[in-house]
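For reference, the structure is listed below as structure tokens.
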2 protein chains.
Amino acid sequence: MDSNGGGAAQARETGTLGKLMVLLDLVTHADAPLRFTDVLALAGQPRGTLHRQLSHLVEEGLLELDGDGRYAPGLRLLDFAARSWARNEFRMIAEPHLADLQRATGETVHLGVLRGQSIIYLDKVEGRQPVRMYSQIGNASPCYCTGVGKAALSLLPAESLVDLVAGLSFTSFTASTHVSAETLLAEIREIADQGYAFDREEHEAGIRCVAAPVWSEDRTFMGGISITGPAYRLSMELLHQWAVPVQLAAARIMEGMRVRLGPRR
Amino acid sequence: MDSNGGGAAQARETGTLGKLMVLLDLVTHADAPLRFTDVLALAGQPRGTLHRQLSHLVEEGLLELDGDGRYAPGLRLLDFAARSWARNEFRMIAEPHLADLQRATGETVHLGVLRGQSIIYLDKVEGRQPVRMYSQIGNASPCYCTGVGKAALSLLPAESLVDLVAGLSFTSFTASTHVSAETLLAEIREIADQGYAFDREEHEAGIRCVAAPVWSEDRTFMGGISITGPAYRLSMELLHQWAVPVQLAAARIMEGMRVRLGPRR
DNA sequence: ATCGTTGTTCCATTATTTGGAACTTAATTT
DNA sequence: AAATTAAGTTCCAAATAATGGAACAACGAT
């Protein structure tokens, strides 16, 4: 009765809200707007119930219902997100250091934090114009195959790390993607020792990165910063050289957090 | 018993979700993270109830609770928003036309749609580099003092317009901001006739714009595009000249929508 | 026009939320 | 350091909202 096909649906302890969030997830993760019947099949709930739930989500602007009766993510989500992003202190403090790092290397720089099993990107600084805002910002990527993700994992205490990794379901994005908890844990240990992480085309073929962990003192933010670029331009040798500047930038961000947030706490 | 001090809280017909969204609104609209007691005062609910509600929101990632016991908007909202934005067809279709308009004028171009009483900005194309992603995108601005907003209002059928305007509470951002339903309605009628709208420093002192309405056939999207810039550079004479290219771009976007969405429907 | 499909409404049953009060923990004062 | 106050958390009977089966309406296709 509780067989989840491939989705990451979990029983949550958040009552009515939890059920609605599962629905919201379902619709926002779809590739295209879903009709009522599609959602019905995916959610596996009685029609009456589902209908009311969707109505409520639409009325609150979290979902939108177009003229053809198809459900899509609502635009009110943008308003919430804009506020969340604009007010995020971690991001504000990191911003100038990301820009410095971008200028020093000429490559794209990311800032991301761990939330659940995902890395959520908070900022992105690109060399040239084509900053397609939201292009990467806000995106949730797996933690086990991104530089920032593995850097973040290296910050976790042993027990939490094992628990988190145990809950992962590995998707093999490329030939280099980790597909077992063992190899991943081994690399995380190594990363914890050396203080920086690589992504050797594990998430996307032809894309490499070097990342360093960043965290706030209260452990509210555990994430990292990375320099990303095409493999033909970023040799592993070059990435090794960049490990130092990335770690330096990370250190400056953490110092900034300490100065800014320390006194108040 | 239902006396709302100054907030925009409304009784909604969305049951438990509605109550939680009011809370989410409350926290995301605050200027700084709120402590439990602060929320308690603002929400005016029993402690036990509020505690559980906040816990649920935090557990779902819609709010975050930092080490000092302060509630802030959650980062999961970014993930939702990124998907909502990335998949929005209206925005995708408009994108190239916004870029054209930006190149033709050299000034900043916006795309926004009406949601409730607000304009939500879906895209922004700036001349120079400083595209601070999310800077404007996702922001909700009042409909009665922005070019895009007034353009959008001019699309509403008479009855809906009156209803909507009746529900507005006018904030006087500058000396030119509309503060009465009468003058606003008069200008909206004028805009409906001529097909374009101005913002004469009504939202922000020193900032002007010219906007044209854009809508989808099924009326799911009613909004507009605008050219915005500093008053010293954008004379009212220049803005009058730009009314034509803005309307042209708007027409091309609507044609694009027709071609893209028409066949399927 | 008719049938099958899709979407909507209704209402007794069931499960969740509610809110007062008791309780624990942290901060402040004497 | 002990006492006092404030802040946050847990508990549970009563009130409220969610549930889901079935009947109903709207639409499309043959």
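Lettering follows sequence order; numbering is per chain, from 1.
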Which residues share a side-chain hydrogen bond (donor to acceptor under 3.5 Å, both in side chains) with A:Gln247, sequence neighbours left out:
none

Taking only residues two or more places apart in sequence, or in another chain, which ones meet A:Arg252 in a side-chain hydrogen bond (donor to acceptor under 3.5 Å, both in side chains)?
none

Residues 34-44 of chain B, side-chain donor-acceptor partners within the protein, below 3.5 Å, at least two apart:
unit_1: B:Asp38; atom_1: OD2; unit_2: B:Arg35; atom_2: N; d: 2.8

How close or far is atom [atom2] of [N] from atom [atom1] of [X], stated in whole angstroms?
X       : N      : atom1 : atom2 : value
A:Leu50 : C:dT8  : CG    : P     : 10 Å
B:His56 : C:dT18 : NE2   : C1'   : 12 Å
B:Leu54 : C:dT18 : CG    : C1'   : 15 Å
B:Arg70 : D:dA7  : CZ    : P     : 15 Å
A:Leu40 : D:dG20 : CG    : C1'   : 12 Å
A:Leu57 : D:dA18 : CG    : C1'   : 14 Å
A:Glu59 : D:dA18 : CD    : C1'   : 16 Å
A:Leu17 : D:dA18 : CG    : C1'   : 14 Å

Tabulate atom names and distances for all N/O pairs under 3.5 angstrom spanning the protein and nucleotides 24-27 of chain C.
none

Any side-chain heavy-atom pair of B:Glu217 and B:Arg258 under 4.5 Å
yes

What I'd like to find out is whether the side chain of A:Leu23 reaches to under 4.5 Å of the side chain of A:Leu57, using heavy atoms alone.
yes

Would you mind writing out the side-chain donor-acceptor pairs for residues 47-55 of chain B within the sub-3.5 Å range, not counting sequence neighbours?
unit_1: B:Gln53; atom_1: OE1; unit_2: B:Gln45; atom_2: NE2; d: 3.0
unit_1: B:Ser55; atom_1: OG; unit_2: B:His51; atom_2: O; d: 2.7

Could you tell me which residues satisfy ring pair (Phe, Tyr, Trp, His ring centres under 6.0 Å) with [X], sequence neighbours excluded, listed by chain and number?
X        : value
A:Tyr144 : A:Phe170
B:His110 : B:Tyr121
A:Phe90  : A:Phe221

OP1 or OP2 of C:dT17 less than 4.0 angstrom from a side-chain nitrogen or oxygen of B:Gln45, does that happen here?
no

Distances under 3.5 Å between nitrogen or oxygen atoms of protein and nucleotides 8-16 of chain D:
unit_1: D:dG8; atom_1: OP2; unit_2: B:Thr37; atom_2: N; d: 3.2
unit_1: D:dG8; atom_1: OP2; unit_2: B:Thr37; atom_2: OG1; d: 2.4
unit_1: D:dG8; atom_1: N7; unit_2: B:Arg47; atom_2: NH2; d: 2.6
unit_1: D:dG8; atom_1: O6; unit_2: B:Arg47; atom_2: NH2; d: 3.3
unit_1: D:dT9; atom_1: OP2; unit_2: B:His51; atom_2: NE2; d: 2.9
unit_1: D:dT9; atom_1: O5'; unit_2: B:His51; atom_2: NE2; d: 3.2

Quick one: which of C:dG19, C:dT18, D:dT19 gets closest to the side chain of B:Pro46?
C:dG19

Distance-only donor-acceptor hits, side chain of residues 153-163 of chain B, under 3.5 Å, sequence neighbours excluded:
unit_1: B:Ser154; atom_1: OG; unit_2: B:Ala151; atom_2: O; d: 2.6

Looking at residues at least two apart in the chain, or sitting in another chain, which of them share a side-chain contact (heavy atoms from CB on, under 4.5 Å) with B:Thr28?
A:Phe80, A:Arg83, B:Leu24, B:Asp25, B:Pro73

Could you give the angle between the helix axes at the two ends of the helix from C:dA1-D:dT30 to C:dT30-D:dA1, with five pairs per end, rounded to 10 degrees?
50°

